[in-house]
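Below is one structure, written out as structure tokens; the observations come after it.
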Amino acid sequence: MHSPESFPPAPAALLQGLNPEQLAAVTLPAGHALILAGAGSGKTRVLTTRIAWLLSTGHATPGGILAVTFTNKAAKEMLTRLSAMLPINVRGMWIGTFHGLCNRMLRAHHKLAGLPQSFQILDTQDQLSAVKRLCKQFNVDEERFPPKQLAYFIAGCKEEGLRPRDVEVHDSDTRKKVELYQLYEEQCQREGVVDFGELMLRSFELLRDNDPVRVHYQRRFRHILVDEFQDTNRLQYAWLKQLAGDVVDGRLVTQGGVIAVGDDDQSIYAFRGARVGNMQDFVREFDVRHQIKLEQNYRSYSNILDSANALIAHNSRRLGKNLRTTQGPGEPVRVYEAPTDLAEAQWIVDEIRQLVREGPMPRSEIAVLYRSNAQSRVIESALFNASVPYRVYGGLRFFERAEIKHALAYLRLLENPHDDTSFMRVVNFPPRGIGARTLEQLQDAARGSGCSLHDAVSSVPGKAGANLGAFVAMVDVMREQTQGRNLRAIIGQVLESSGLLEHYRNEKEGADRLENLDELISAAESFVTQEGFGRDAVALPLDETGAALTQSPASQGLDPNRPLLQQPLVDTDTGETLSPLAAFLTHAALEAGDNQAQAGQDAVQLMTVHASKGLEFDCVFIGGMEEGLFPHENAMSDQGGLEEERRLMYVAITRARKRLYLSHAQTRLLHGQTRYNVRSRFFDELPEEALKWLTPRQQGFGSYAPDSRAASAYGAGARAGFGFNAAAFASPPVPPRKEEPAHGLRVGLAVFHTKFGEGKVLAIEGQGDDARAQVHFPRHGTKWLALSVAKLTVVE
DNA sequence: GTTAGCAAGCTTTTT
DNA sequence: GCTTGCTAAC
């Protein structure tokens, strides 16, 4: 390494425009540091500039840096920004998600980790079906032990770093669960598959139990950067600790530096194992010398920031941080109270149309956020009726679609015939006369001889056995036919010979699915070109110094422009690389693809508050600001729950740059029942001077008052949760939806049908009892309805 | 092998 | 109340 004096100065352009805190963070001296980065404080910029600074000053080589994120999106963003900042290549850099990096490590040391090199990765769906299969196999009472819950239990154990033998057992139910956890582990091992949790845990154990490997990586990664540190779980923290150094005499002795960037106020994933406490632990255990707060916000006007600051101040146990801006107050935060959820949606849409017309504001700069997905429907429907283009985030991602998973299952069987999860998925899809009874026989046989389904096929007699044999033979033929061919050809061949294409061609609604399968080929194609698979696959230089573990293909042959994360994964002992197919399957499992619907035109953005984290918009609507919804009733069982809801609200508020709208409805249709909701307590935690009430602020009714009767009813844990029953009060704030007489309809009116939802009146015919109306429903098409029968309500 | 009908669930979610 | 996923019947 260089001596400190020999470091060249950083290029001036790199550090230009950084504020003092950012500059301090970027140029931190060696050692561990915690950076508390508030919303909109330029966190990603600091992170990437830090890396660029380390590299350009010679403090580090690309191979000596490890930067880890939670999402592929964040990792990509970092790589993109970094390559824009520095002309040097990013070769040798480990920048990726926790799971992506673990995957890489496990492929490289698969023998030590006890895995086949081409192990496949189970996503959450796959994991659940594997658990279901296991439960059937061992006759588990699925009433007492729902597979879903078991899968959740297993994932939870792994997140805590617990193997079956480590789990404390106090009751018989837990004992049974642990037993099944153990059996599940054996099943996965036999099949050569790992789930997401296993990826992390196995990688951790690899480091913990193999001194040379651990020492190698410790020596190599002198600079570790962690993004969104507040979201790390116990296992991820332990993994980082392994990489950072060893515990000697109870003290952590480290050689490099870990820079953790996070914001405790934006910790919104405790429900899936995130542990904010890791931040405090980090400061203590790593003996952190430098703590830097990034509080300068470059995103929002001060009315918005003041609101966020005031709200979050109600949380206890904060590390303490206050956002500030040099921008003016900006517009007030607008608050609206609607009589119903429908009216709220309508108001949002009206407001959006006005913004677009008069702003003029691009629709893509307008976001509607909500606490739970169920809330999107009313808003979607209102937008649809007003012909406002919108885009909903969330839902099925590309690689999670059924037809894609089918195709991938065939591909996995090519790689590994013993992958029983994939076997079961497609053994009778498309249908080939292999029924449930046959499969039961097959599974019994497999369990009897402790082998895979594939190997048990020959022991099933008769016609059933012949059908199974034909399936296996078909897959074998496919494997032979695709030998040595490129990825595109392999997938094309498999889609054809499996009968998938044929099947969907004959299906009425199969056009979309065929299109998606086509898309799969394109995805494989671009994977190959981007990653350079197929041609000159080169081994990965694990160590720039050519240390023992490296196979060292030197540095030639690697394309500096392609992200190393996705370069061929290599066995460090043999130099053996993954086949393009296996690599593609890994890619498919680790990166489920876009989860946003129809991209394209300028559209209003709809998403949950969780999904909005990390994004920003000129204008943000937050709907459903009601007790029970936001904060959500299910989150309120403990103090921590409320605080997490508050952080969630904090995240939501800080998404807005210029304009923020908060709205709530007095009544809302939820689970088929009209609920009378009280205004969210969060309103009472916002600074009055930053707000503008578009509707009169009501006292008593519709407001959350900690000492009121209402609150004590909640405190007592009223059955109804937060939605109070009309009967509980002398008079409800607003009468429930009124039914209009048939003659109240006009062409063009928006109406609500109890079965078909909201629609638009296209035509009206007839008189009195014969009156009929033609109504278009976005979800059910156009229908003629007899007004004397159909229950239609006019939507305000 | 497809379709209808019924029961269950219903906060947030990435890998 | 609505959607989804599974069983049961055609």
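Computed from heavy atoms alone, side chains included, the values below leave out hydrogens, waters and symmetry copies.
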Respond yes when some side-chain nitrogen or oxygen of [X] is under 4.0 Å from OP1 or OP2 of [N], and no when none is.
| X | N | value |
| --- | --- | --- |
| A:Asn72 | B:dT14 | no |
| A:Arg377 | C:dT3 | yes |
| A:Asn233 | B:dT15 | no |

Would you mind reading off the distance between [X] atom [atom1] and [N] atom [atom2], rounded to a whole angstrom?
| X | N | atom1 | atom2 | result |
| --- | --- | --- | --- | --- |
| A:Leu396 | C:dT4 | CG | C1' | 12 Å |
| A:Lys613 | B:dT14 | NZ | P | 11 Å |
| A:Ile268 | B:dT13 | CD1 | P | 9 Å |
| A:Lys73 | B:dT13 | NZ | P | 13 Å |
| A:Glu400 | B:dT14 | CD | C1' | 10 Å |
| A:Asn634 | B:dC10 | CG | C1' | 9 Å |
| A:Lys76 | B:dT14 | NZ | C1' | 14 Å |
| A:Glu626 | B:dT11 | CD | P | 16 Å |

Of the nucleotides [options], which has the atom closest to the [X] side chain?
| X | options | answer |
| --- | --- | --- |
| A:Glu645 | B:dT11, B:dT13, C:dT3 | B:dT11 |
| A:Thr608 | B:dT13, B:dT11, B:dT15 | B:dT13 |
| A:Arg371 | B:dT11, B:dT13, B:dT15 | B:dT11 |
| A:Pro431 | B:dG1, B:dT11, B:dT15 | B:dG1 |
| A:Arg272 | B:dT11, B:dT2, B:dT13 | B:dT13 |

Legend entry - Whether A:His610 and A:Tyr269 hold their rings parallel, tilted or perpendicular, with breakpoints at 30° and 60°: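 Answer is tilted, since the angle falls between 30° and 60°.
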Inset, instruction - Specify whether A:Phe584 and A:Phe399 have parallel, tilted or perpendicular ring planes, treating 30° as the upper limit for parallel and 60° as the lower limit for perpendicular. - result: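 Geometry flag for A:Phe399 against A:Phe584: perpendicular rings.
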Please output the side-chain donor-acceptor pairs of residues 196-206 of chain A that fall under 3.5 Å, not counting sequence neighbours, one pair per line with the distance.
{"residue": "A:Glu198", "atom": "OE1", "partner": "A:Lys158", "partner atom": "NZ", "Å": "2.7"}
{"residue": "A:Glu198", "atom": "OE1", "partner": "A:Arg163", "partner atom": "NH1", "Å": "3.0"}
{"residue": "A:Glu198", "atom": "OE2", "partner": "A:Arg163", "partner atom": "NH1", "Å": "3.3"}
{"residue": "A:Glu198", "atom": "OE2", "partner": "A:Arg163", "partner atom": "NH2", "Å": "2.9"}
{"residue": "A:Glu198", "atom": "OE2", "partner": "A:Arg202", "partner atom": "NE", "Å": "2.7"}
{"residue": "A:Glu198", "atom": "OE2", "partner": "A:Arg202", "partner atom": "NH2", "Å": "3.2"}
{"residue": "A:Arg202", "atom": "NH1", "partner": "A:Ala113", "partner atom": "O", "Å": "2.7"}
{"residue": "A:Arg202", "atom": "NH2", "partner": "A:Gln189", "partner atom": "OE1", "Å": "2.7"}
{"residue": "A:Ser203", "atom": "OG", "partner": "A:Trp239", "partner atom": "NE1", "Å": "2.8"}
{"residue": "A:Glu205", "atom": "OE1", "partner": "A:Arg163", "partner atom": "NE", "Å": "3.4"}
{"residue": "A:Glu205", "atom": "OE1", "partner": "A:Arg163", "partner atom": "NH2", "Å": "2.9"}
{"residue": "A:Glu205", "atom": "OE2", "partner": "A:Arg163", "partner atom": "NE", "Å": "2.8"}

What contact category does [X] fall into here, base, sugar-phosphate, or nothing, at under 4.0 angstrom with non-hydrogen atoms?
| X | result |
| --- | --- |
| A:Gly433 | sugar-phosphate |
| A:Phe70 | sugar-phosphate |
| A:Asp231 | nothing |

Looking at [X] and [Y], does any basic side-chain N land under 4.0 Å from a carboxylate oxygen?
| X | Y | answer |
| --- | --- | --- |
| A:Glu191 | A:Arg133 | yes |
| A:Arg679 | A:Glu627 | no |
| A:Arg397 | A:Glu400 | yes |
| A:Lys613 | A:Asp231 | yes |
| A:Glu644 | A:Arg647 | yes |

Legend entry - Stacked pair A:Phe98-B:dT15, distance under 5.5 Å, angle under 30°: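 No, aromatic ring not over the base.
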Inset, instruction - May I ask whether A:His99 stacks on the base of B:dT15, given the cut-offs of 5.5 Å between ring centres and 30° between planes? - result: no
Inset, instruction - Could you tell me whether the side chain of A:Thr97 has a donor or acceptor atom within less than 3.5 Å of a complementary atom in the base of B:dT14? - result: no
For nucleotides 6-10 of chain C, tabulate all protein N/O to nucleotide N/O atom pairs closer than 3.5 Å, reporting atom names and distance.
{"residue": "C:dC6", "atom": "OP1", "partner": "A:Lys132", "partner atom": "NZ", "Å": "3.1"}

Inset, instruction - Take atom P in C:dT3 and the same atom in B:dT12, then report the distance between them in whole Å. - result: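 Approximately 15 Å lies between the P atom of C:dT3 and that of B:dT12.
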Legend entry - Nearest-angstrom distance, P atom, C:dT4 to B:dT11: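 That atom pair is separated by 15 Å.
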Inset, instruction - Compute the ring centroids of A:Phe682 and A:His314, then answer whether they are less than 6.0 Å apart. - result: no
